[in-house]
Amino acid sequence: MSIQFHESSREFHLYNDHISYIIKILANGQLGQLYFGKRIHDRDSFGYLLEIAHRPMSALQQDFRFSLEHVRQEYPAYGTTDFRLPALELLQENGSRLTNFTYESYRVFGGKPKLWGLPATYTEKEEEADTLELTLRDKLLNIKLILLYTVFSGESAIARSARFENPSERPVQITRAMSMSLDLPDSDYEWIQFSGAWSRERQVKVRRLEQGIQAVSSARGHSSHNHNPFLVLKRPAADEFQGEVMGFSLVYSGNFLAQAEVDTYQVTRVMMGINPFSFTWKLDRGETFQVPEAVMVYSDQGLNGMSQTFHRLYRTRLARGVWRDRVRPVLLNNWEATYFDFDEEKLVRIASAAKEDGVELFVLDDGWFGARSSDSAGLGDWYANRERLPDGIKGLSEKIEALGMKFGLWVELEMVNPDSDLYRAHPDWVLQTPGRTSSQGRNQLVLDFSRQEVVDYIYDRIADILSESKVSYIKWDMNRSITECYSTAFPADRQGEIFHRYILGVYSLYERLIQNFPEILFESCASGGARFDAGMLYYAPQCWTSDDSDGVERIKIQYGTSFGYPVVSMGAHVSATPNHQLFRDTPLDTRGNVAYFGAFGYELDLQKLTDRERETVRRQIAFMKQYRQVIQFGTFYRLQSPFEHNIAAWMVVSEDRKTAIVGYYKILNDVNCEFRRMRLKGLDGDRKYLVEEKDEWFYGDELMNTGLITTDASSGQAAPGEEFCTDFWSKLYVLKAQ
């Protein structure tokens, strides 16, 4: 058992071979946080880590030296000698927000419980993890707080969540309920966030922690393009390969808050959870409220060590279903090939050309339903447009399968156009505030997924199509943020619940679809990467990483995404050039060399390529099929950052360390430059590797310590017939062990 309770010292020690996490029941009955970090030996008491002292201007609790303002706590509240932002807050009938949750009992068990209605990591066998359940109670309110901690046996990760139960006679309003809170004894960290906007998501932003509050958040109804619900704290000397790093990931897709508060004594309080802005939840008698899960990872092997832990855990114990362990099919999506200008005959021609080149899955994007000839009408009317598709989705899917391919379909189930049969029949089914103008985004309104009848209706419509057709893949899009968040189905004192109820409705629809259509591969999408979060990976094992499919911009986007999310989860496609977002001409080889590192596909009409380009496409598809098991399920290493250098590099190593693939990318060309080499990672130092592009053998320790020579023609003057470099140049190196 990896969880020990020392009764004499009233301390819990959660540990495995990698990490330790220590909690103490304080003298006042509340919980204190003593340690989170590298595994340390167990002992009867770690009480020496609880440091208290009387400080001037402190409010005290009985003991002359005891003030919660200066005690590191486990799940803190505000107002009873602690003046920092709290993990929880309950508004009571008398107007008070003070609480006092004290320890009542504990339970330790193998495995990990499911969280009702929410995504979460899981175990398949009890021995994979141990879970600590701590029950606390506010005796005045008679409200219970249950804190859950799961320590995974093979990973340096702890999953945390909280649950509120109300066995009392009176309701309370939850106004703040974080998924995790962690008080660290110092502030000597750099904060890394992943921020951006549409088409430039998850850019790496680094700054030193300072006294005060540093935070990222979303109040858009989804996790957002702007900030990701994932943050990193690292020691200033830590880098990709060494040093202490902590990663914090929220398994949730709605409004979130991730923050670090550094007090004037240099204690750092890290919190993550549902954004308390505009949030309340009425907890009536007998009701329970489950908080989303947060996952904390500790690494003493730098940022790559942290990322690889998230990759393994999320790839195998967050993603689910038959596609969890399968390589992903090479697909072609028709969107950038046709937009709304297509009919069945045109689609079959495009699919036939794709089949000739080795594509395995043809995906029909927007425009196949209702009166959908632009983005201004038809959304919500989930029946095939018979003018375009005379035999419907059933007929088209059968024709695609007859070509020897699988068929996929785009949907946007959460939105509706005002110009649609659905809206005309049910104008009350959208989120809208009485007496206020309803804003639109992409000519859309947001369906009220907090209402069960709305979710049921959408399920019935899409399930009818899936039941009669040969659909193997669904791309689930979501193209606007939520405004005017009000549901006419709920009373005034529950309007603060609608943002959360909405995302619970999304989760419930996903759950029904994957349970009833388990063979379908779901890919989540939200105007690209606006909902690329751990919550979505529980339902859809891959996500469209960004609407920006330019090969050069994707280096940054995929690099930033890789900090918290596995390679196989990133939808990464080769698109047309000039690129439809940047109007940039990027070489076809480079577009492929970037897109390989993800769930690979194309966004173009192959018929419009030259014979030489078609041959390149065939070569790319053959390469991906040969190496996708390594790329999508191997160990990924970031080698050099595009945020800091003109040259970026990463690599992936197979589980048996016999095969490695290095991606090397020069953004802008240079002239008469230095000789270059790149130190590789993750190889077997005692094995010899053939670097196929050089046709030379090297020991793994050579490649990791002296480095792979990557000098290119720009270091001198290219001789006639010699390969030369351009802007946006790239190269792949394939290594195979002897």
Side-chain angles (χ1 to χ4, degrees), residues 74-75 86-90 112-122 131 133-134 145-150 152 157-165 174-182 215-224 227-231 247-259 270-281 283 287-297 310 313-314 317-320 449-450 482 496-511 524 526 530-540 543 564-565:
E74 194 58 32
Y75 201 75
L88 80 154
E89 187 178 69
L90 305 181
K112 185 175 186 293
K114 288 186 176 181
L115 302 186
W116 182 87
L118 286 166
T121 54
Y122 61 90
T131 296
E133 181 184 272
L134 295 175
L145 168 62
I146 294 91
L147 301 179
L148 289 171
Y149 304 79
T150 297
F152 297 90
I158 293 176
R160 294 183 56 178
S161 65
R163 184 173 74 249
F164 291 87
E165 297 178 357
I174 302 172
T175 61
R176 188 181 184 97
M178 292 290 103
S179 297
M180 55 79 56
S181 180
L182 177 66
V216 291
S217 65
S218 174
R220 306 176 73 95
H222 54 95
S223 48
S224 84
H227 303 293
N228 199 257
F230 174 71
L231 68 89
F248 305 90
S249 175
L250 186 64
V251 188
Y252 186 62
S253 309
N255 291 345
F256 77 92
L257 172 67
Q259 72 176 37
V270 185
M271 284 189 183
M272 182 174 273
I274 295 174
N275 194 337
F277 175 73
S278 292
F279 167 80
T280 59
W281 190 275
L283 195 65
E287 290 186 341
T288 295
F289 180 73
Q290 175 63 56
V291 172
E293 179 172 278
V295 177
M296 311 187 309
V297 166
F310 276 117
L313 185 64
Y314 283 0
R317 291 299 181 266
L318 180 61
R320 300 176 294 161
F449 267 41
S450 70
I482 294 176
E497 303 174 8
I498 303 305
F499 272 120
H500 184 58
R501 287 186 180 274
Y502 174 89
I503 206 66
L504 292 179
V506 173
Y507 290 155
S508 71
L509 181 56
Y510 258 117
E511 190 67 36
S524 62
R531 206 157 61 185
F532 200 126
D533 55 64
M536 281 290 107
L537 292 185
Y538 186 72
Y539 305 98
C543 179
Y565 306 99

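Just so we're clear, the structure is a prediction, and the values are computed from it rather than from any experiment.
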Do you know which two heavy atoms are closest between Ser181 and Met271, and how far apart they sit?
-> OG-CE, 3.6 Å

Begin from the C-alpha positions of His222 and Met536 and carry the test side chain to side chain contact (heavy atoms under 4.5 Å, CB included) through to its verdict.
-> CA-CA 11 Å; His222 54 95; Met536 281 290 107; over 6 Å; no

What closest approach, in Å, do Phe289 and Ala177 show between heavy atoms, and which atom pair accounts for it?
-> CE2-CB, 4.4 Å

Where is the tightest heavy-atom contact between Ala219 and Phe277, given as atom of each residue plus distance?
-> CB-CD2, 4.0 Å

Does some side-chain heavy atom of Leu88 sit less than 4.5 Å from a side-chain heavy atom of Phe164?
-> yes

Taking side chain as C-beta onward, heavy atoms only, is Glu497 less than 4.5 Å from Trp281?
-> yes

Please assess Trp116 against Thr288 for the test side chain to side chain contact (heavy atoms under 4.5 Å, CB included), listing each intermediate value before the final yes or no.
-> CA-CA 10 Å; Trp116 182 87; Thr288 295; over 6 Å; no

Do Asn255 side-chain atoms and Arg220 backbone N/O form a donor-acceptor pair below 3.5 Å?
-> yes

Closest non-hydrogen atom pair, Pro113 against Leu148 | CG-CD1, 4.3 Å

To the nearest 0.5 Å, atom CG of Asp533 lies from atom CG of Asn228 at 7.0 Å

Look at the rings of Phe230 and Phe310 and say which category their plane angle falls in: under 30° parallel, 30 to 60° tilted, over 60° perpendicular.
-> perpendicular

When rounded to the nearest 0.5 angstrom, what distance separates CE in Met272 from CG in Leu231?
-> 4.0 Å

Atom CZ in Phe248, atom CZ in Arg160: separation rounded to 0.5 Å?
-> 9.5 Å

Do Ser524 and Tyr510 get their side chains close enough for a donor-acceptor pair, meaning under 3.5 Å?
-> no

Between Leu250 and Gly273, which heavy-atom pair has the shortest distance, and what is it?
-> CD2-O, 3.8 Å

Does NZ or CZ of Arg176 come closer than 6.0 Å to the centre of the six-membered ring of Phe279, within 45° of the ring's axis?
-> no

Taken to the nearest 0.5 Å, the spacing of Leu504 CG from Ser253 OG works out to 10.5 Å

Would you say Pro292 and Phe256 make side-chain contact, with heavy atoms under 4.5 Å?
-> no

Would Tyr75 and Leu134 count as a side chain to side chain contact (heavy atoms under 4.5 Å, CB included) if you check the C-alpha gap in whole Å, the side-chain angles of each, and the deciding distance to 0.1 Å?
-> CA-CA 11 Å; Tyr75 201 75; Leu134 295 175; over 6 Å; no

Any chance you could measure Gln259, atom CD, to Met178, atom CE, to the nearest 0.5 Å?
-> 7.5 Å

Stepwise side chain to side chain contact (heavy atoms under 4.5 Å, CB included) test for Glu511 and Tyr538 | CA-CA 9 Å; Glu511 190 67 36; Tyr538 186 72; 4.1 Å; yes

Taking the inter-plane angle between the rings of Tyr507 and Tyr252 on a 0 to 90° scale, is it parallel (under 30°), tilted (30 to 60°) or perpendicular (over 60°)?
-> perpendicular

Over all heavy atoms of both residues, which pair between Ser161 and Leu115 is shortest? Give the atoms and the distance, please.
-> OG-CD2, 3.9 Å

Scan side-chain atoms only and decide if Glu74 and Tyr149 contain a donor-acceptor pair under the 3.5 Å cut-off.
-> yes

Give, for atom OG of Ser218 and atom CD1 of Ile482, the distance between the pair rounded to the nearest 0.5 Å.
-> 9.5 Å

In terms of side-chain heavy atoms, does Thr175 have a donor or acceptor partner in Thr280 at a distance below 3.5 Å?
-> no

Qualifying residue, where the test is side chain to side chain contact (heavy atoms under 4.5 Å, CB included) with Glu293 and the options are Val251, Leu118, Thr150 = Val251

